[in-house]
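Remember, it's 1-based here, ligands and their atoms both numbered in the order they're listed.
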Amino acid sequence: MRVEIDQELCCGYGNCVVHAPEVFELDHADGLAVVLVANPPEGEQAAVREAAADCPVSAILIEE
Ligand code: SF4
């Protein structure tokens with residue numbers, strides 16, 4: 001799995017950080033989400049899918 005965030009769409013709601021804090025973080029400078037682990041391990045992938053489903057602006061892009 002490969003995960004990216006579309007910075008143009010992200011509004012910094014933080015749902016992704018709640019679902020997968022090991023993979024996403026809110027940048028302190030601009031408040032938008034950044035990906036900490038672009039290729040999340042097996043154990044994180046379900047949480048990443050939940051984060052993508054829960055992102056209000058569909059800014060999380062997953063490539064399987
Ligand atoms: S859930 Fe979506 S809009 Fe919210 S911080 Fe994460 S990527 Fe950005």
Side-chain angles (χ1 to χ4, degrees):
M1 171 189 277
R2 190 178 157 70
V3 59
E4 279 177 47
I5 289 178
D6 185 332
Q7 297 286 330
E8 301 287 312
L9 293 177
C10 176
C11 297
Y13 294 117
N15 303 23
C16 52
V17 180
V18 172
H19 283 288
E22 307 292 324
V23 178
F24 302 105
E25 183 176 73
L26 289 182
D27 186 279
H28 296 293
D30 60 13
L32 302 181
V34 292
V35 175
L36 300 175
V37 187
N39 298 99
E42 193 82 21
E44 289 293 330
Q45 294 184 3
V48 169
R49 288 189 194 96
E50 282 171 23
D54 199 28
C55 175
V57 293
S58 303
I60 298 172
L61 312 171
I62 294 174
E63 226 176 81
E64 299 283 357

**Student:** Hey, could you give me each pair passing salt bridge (charged side-chain N to carboxylate O under 4.0 Å, His left out) that has a residue in residues 43-64? Not counting sequence neighbours.
**Tutor:** Arg49-Glu64

**Student:** Going by the atom numbers of ligand 1, which of them fall below 4.0 Å from some non-hydrogen atom of Cys11?
**Tutor:** 3 (S), 8 (Fe)

**Student:** Which pair of heavy atoms, one from Cys10 and one from Ala59, lies closest together, and at what distance?
**Tutor:**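 Scanning both residues, the minimum pair turns out to be N-CB, 3.8 Å.
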
**Student:** Are Leu36 and Val23 close enough that some pair of their side-chain heavy atoms sits under 4.5 Å apart?
**Tutor:** no

**Student:** At their closest point, which heavy atom of Leu26 faces which heavy atom of Gly12, and how far apart are they?
**Tutor:** CD1-O, 4.1 Å

**Student:** Please tell me whether Val17 and Ile60 are part of a single hydrophobic cluster in this structure, the criterion being side-chain heavy atoms less than 4.5 Å apart.
**Tutor:**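 Yes, because Val17 and Ile60 connect within a single hydrophobic cluster, where side-chain heavy atoms sit under 4.5 Å apart.
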
**Student:** Return the set of protein N, O or S atoms whose distance to atom 6 (Fe) of ligand 1 is under 2.8 Å, each given as residue and atom.
**Tutor:**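 Hits for atom 6 (Fe) of ligand 1 below 2.8 Å: Cys16 SG.
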
**Student:** So which of Val18, Asn15, Val34, Val35 actually passes side chain to side chain contact (heavy atoms under 4.5 Å, CB included) with Phe24?
**Tutor:** Val35

**Student:** Among Asn39, Val48, Val37, whose side chain to side chain contact (heavy atoms under 4.5 Å, CB included) with Val3 holds?
**Tutor:**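 In the set Asn39, Val48, Val37, the residue that makes a side chain to side chain contact (heavy atoms under 4.5 Å, CB included) with Val3 is Val48.
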
**Student:** At less than 4.0 angstrom from any non-hydrogen atom of Val57, what atoms of ligand 1 do you find?
**Tutor:** 3 (S)

